[in-house]
S.K.: 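Below you'll find the structure I mean.
Each chain gets a letter, A, B and so on, in the order the sequences are listed, and its residues count up from 1. Side chains are part of it too, since the values below use all heavy atoms of this structure and drop only hydrogens, waters and symmetry mates.
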Number of protein chains: 2
Amino acid sequence: MSAKKPRLPRRSGCPISYSLEIFGDRWTLLVLRDLLLKGRRHFKDFLAAEEGIATNILTDRLQRLEAFGVIRRVRDPEDRRRRIYRPTDKGIALLPVLLELAAWGAHHDSGTAAPSGFVARFAEDREAVLEEFRRALSED
Amino acid sequence: MSAKKPRLPRRSGCPISYSLEIFGDRWTLLVLRDLLLKGRRHFKDFLAAEEGIATNILTDRLQRLEAFGVIRRVRDPEDRRRRIYRPTDKGIALLPVLLELAAWGAHHDSGTAAPSGFVARFAEDREAVLEEFRRALSED
DNA sequence: TTTTTTAACTTGCAATTTGCAAGTTATTCG
DNA sequence: CGAATAACTTGCAAATTGCAAGTTAAAAAA
């Protein structure tokens with residue numbers, strides 16, 4: 001596996017540019033949302049998300065995330081047809097990015113479906129919210 | 001101006017999905033980096049960034065950011081050929097997203113050109129770093 | 001045991017977006 | 001006034017996304 005890294009040659013040394021080389025598209029962070037915030041694990045789960053990602057795009061994104069060391073992919077011992085996708089530490093470190101995007105979106109989208117009170121809670125105790133998600137992810 | 005909003009129909013009410021409708025591409029957050037973190041203001045400045053955005057893409061992204069109320073665009077009174085692009089409050093509220101992306105990228109990119117000590121400083125006093133950038137942006 | 005169903009992709013092709021570079025128009029400079 | 005400049009616009013090729021049918025291995029049903 002993992003021959004999927006560079007889509008384009010490196011554009012600059014900027015850290016944001018580096019991050020966007022991995023996440024700068026309409027789907028990758030949505031996949032990570034399901035993985036990190038919703039605890040989804042299987043291909044089928046990501047496919048079932050409301051936004052309707054296509055199978056070829058999902059496969060591509062999962063492969064890239066694996067190649068960049070953000071997730072790992074193993075065969076499910078209970079059903080060998082299935083694959084389990086899990087975040088690495090590098091992946092878990094993306095929680096703040098996801099939550100800041102969520103907070104911004106929830107605050108500025110008049111039609112948001114964000115959980116009620118999420119923005120206030122995050123603003124009030126950011127670290128506690130982060131810790132909750134980290135704990136959920138470490139329960140394996 | 002500002003007829004540039006929806007590229008696609010809304011995919012879901014998820015706040016992250018909403019954010020990605022605006023930023024889910026390889027260029028938009030780079031433009032905002034220059035605007036919010038580097039204080040760039042003119043079309044020419046964004047064009048000159050190291051990553052080499054094309055003029056049609058830059059124009060498209062600026063128009064979308066304006067349509068979403070993230071930036072405003074005015075004619076420069078000192079040279080009417082020029083345009084000044086400035087962040088709105090909605091735009092400034094994206095600083096945490098940008099800085100989290102930068103911190104993640106700086107930490108995980110072995111070839112990073114991030115300013116030395118940035119990651120440590122941000123981890124140590126996130127609010128102070130945010131406040132610095134906000135102050136710089138309000139000096140107009 | 002065989003057949004059917006299911007999970008995770010893969011593939012072919014059309015539609016959309018990006019990238020490159022030349023072109024256009026209004027404004028400023030020499 | 002002509003040349004240069006700022007901010008786009010345009011035409012077209014390359015790359016990516018989206019849709020839906022197809023494939024293969026594993027599990028479930030007959």
Side-chain angles (χ1 to χ4, degrees), chain A residues 1-11 17 20-31 34-35 40-67 71-86, chain B residues 1-11 17 20-31 34-35 40-67 71-86:
Chain A
M1 196 61 264
S2 79
K4 208 28 173 181
K5 227 184 214 174
R7 189 188 302 213
L8 283 171
R10 191 186 188 99
R11 296 184 290 180
S17 185
L20 292 176
E21 274 164 29
I22 307 168
F23 314 118
D25 68 276
R26 299 191 59 234
W27 295 106
T28 306
L29 287 172
L30 282 183
V31 173
D34 291 347
L35 189 78
R40 301 284 140 77
R41 298 179 175 209
H42 300 287
F43 191 91
K44 186 172 173 175
D45 297 332
F46 303 120
L47 215 43
E50 204 173 349
E51 294 83 12
I53 190 173
T55 57
N56 57 333
I57 303 301
L58 178 55
T59 298
D60 178 72
R61 298 300 189 278
L62 288 170
Q63 283 176 5
R64 290 176 53 76
L65 286 172
E66 192 185 358
I71 65 172
R72 57 192 162 93
R73 170 181 172 274
V74 295
R75 195 177 285 249
D76 187 344
E78 296 181 7
D79 181 342
R80 294 167 55 72
R81 290 173 303 183
R82 303 192 114 189
R83 302 295 180 269
I84 300 179
Y85 295 90
R86 299 291 285 152
Chain B
M1 197 62 259
S2 78
K4 208 30 175 177
K5 226 183 216 174
R7 187 189 305 213
L8 284 171
R10 189 184 190 100
R11 296 184 291 180
S17 184
L20 292 176
E21 275 164 29
I22 307 167
F23 313 120
D25 68 276
R26 299 189 62 235
W27 295 106
T28 307
L29 287 172
L30 282 183
V31 174
D34 290 349
L35 189 77
R40 300 285 139 77
R41 297 179 176 209
H42 300 286
F43 191 90
K44 187 172 171 176
D45 297 333
F46 305 121
L47 216 41
E50 206 174 347
E51 294 82 12
I53 189 171
T55 56
N56 57 332
I57 303 302
L58 178 55
T59 300
D60 179 73
R61 297 300 188 277
L62 288 169
Q63 282 176 7
R64 290 176 53 76
L65 286 171
E66 191 183 1
I71 65 172
R72 56 192 162 93
R73 169 179 174 276
V74 295
R75 193 177 286 250
D76 188 344
E78 297 181 7
D79 181 341
R80 294 167 55 74
R81 290 174 302 184
R82 306 192 111 187
R83 302 295 179 269
I84 300 181
Y85 296 91
R86 299 291 285 149

S.K.: Calculate the interatomic distance between A:R82 atom CZ and C:dT6 atom P; express it in whole Å.
M.R.: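 Between P of C:dT6 and CZ of A:R82: 12 Å.
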S.K.: Mind checking what makes salt bridge (Lys or Arg N to Asp or Glu O under 4.0 Å) contact with B:D45, not counting sequence neighbours?
M.R.: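 Counting only residues at least two positions away or on another chain, B:D45 forms no salt bridge (Lys or Arg N to Asp or Glu O under 4.0 Å).
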S.K.: Excluding sequence neighbours, so at least two apart, what forms ring-ring contact (aromatic ring centres under 6.0 Å, His included) with A:F23?
M.R.: B:W104
S.K.: Could you tell me how far apart B:E51 (CD) and C:dG19 (C1') are, to the nearest whole angstrom?
M.R.: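 One finds 15 Å between C1' of C:dG19 and CD of B:E51, rounded.
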S.K.: For the pair made of CG in A:D25 and C1' in C:dT17, what is the distance, rounded to whole Å?
M.R.: 13 Å
S.K.: Between atom CD1 in A:I84 and atom C1' in C:dA8, what is the gap in whole Å?
M.R.: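 Between C1' of C:dA8 and CD1 of A:I84: 14 Å.
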S.K.: Among A:I71, A:D25, A:L29, whose side chain to side chain contact (heavy atoms under 4.5 Å, CB included) with A:R61 holds?
M.R.: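 Only match with A:R61 under side chain to side chain contact (heavy atoms under 4.5 Å, CB included): A:D25.
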S.K.: Atom CD1 of A:I53 and atom P of C:dC9: how far apart are they, to the nearest Å?
M.R.: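 A:I53 atom CD1 is separated from C:dC9 atom P by 12 Å.
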S.K.: Would you mind telling me which residue lines up with the more 5' stretch of DNA chain C, A:H42 or A:R11, judged by nearest nucleotide?
M.R.: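 Its nucleotide being nearer the 5' end, the pick is A:H42.
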S.K.: Respond yes when some side-chain nitrogen or oxygen of B:Q63 is under 4.0 Å from OP1 or OP2 of D:dT9, and no when none is.
M.R.: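 For B:Q63, the contact criterion (side-chain N or O under 4.0 Å from OP1 or OP2 of D:dT9) is met.
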S.K.: For the pair made of CD1 in A:I57 and P in C:dT16, what is the distance, rounded to whole Å?
M.R.: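 Rounded to the whole Å, the gap is 15 Å.
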S.K.: Where the side chain of B:F43 is defined as all heavy atoms beyond and including C-beta, which of D:dA7, C:dA7, D:dT17 is the nearest nucleotide?
M.R.: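 The listed nucleotide nearest to B:F43's side chain is D:dA7.
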S.K.: Rounded to whole angstroms, how far apart are CZ on A:R26 and C1' on D:dA15?
M.R.: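 So the two atoms are 17 Å apart, to the nearest Å.
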S.K.: Does the side chain of B:R61 get closer than 4.0 angstrom to OP1 or OP2 of C:dT18 through an N or O atom?
M.R.: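 Yes, B:R61 has a side-chain N/O under 4.0 Å of OP1/OP2 on C:dT18.
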S.K.: Given C:dT10, C:dA8, D:dC8, identify the nucleotide with an atom nearest to the side chain of A:T59.
M.R.: C:dT10
S.K.: Closer than 4.0 Å, any side-chain N/O of B:W27 to the OP1 or OP2 of C:dT17?
M.R.: no
S.K.: Rounded to whole Å, please give me the gap between CG in A:L58 and C1' in C:dT11.
M.R.: 16 Å
S.K.: By salt bridge (Lys or Arg N to Asp or Glu O under 4.0 Å), which residues pair with B:D79, not counting sequence neighbours?
M.R.: B:R81
S.K.: List the residues meeting salt bridge (Lys or Arg N to Asp or Glu O under 4.0 Å) with B:R75, not counting sequence neighbours, and say none if there are none.
M.R.: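 B:R75 satisfies salt bridge (Lys or Arg N to Asp or Glu O under 4.0 Å) with no other residue.
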S.K.: When every nucleotide of nucleotides 20-30 of chain C is labelled 5' to 3' by its protein contacts under 4.0 Å (heavy atoms), B for base, S for sugar-phosphate only, - for none, what sequence of letters results?
M.R.: BB-----BS--
S.K.: Considering only heavy atoms from C-beta outward, does the side chain of A:D76 approach that of A:H42 to under 4.5 Å?
M.R.: yes
S.K.: Can you list everything that forms a side-chain contact (heavy atoms from CB on, under 4.5 Å) with B:N56? Sequence neighbours excluded, please.
M.R.: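 So B:N56 forms a side-chain contact (heavy atoms from CB on, under 4.5 Å) with B:A54.
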S.K.: For D:dC8, does either OP1 or OP2 sit under 4.0 Å from a side-chain N or O belonging to B:R73?
M.R.: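 Checking B:R73 against D:dC8: at least one side-chain N or O falls below 4.0 Å of OP1 or OP2.
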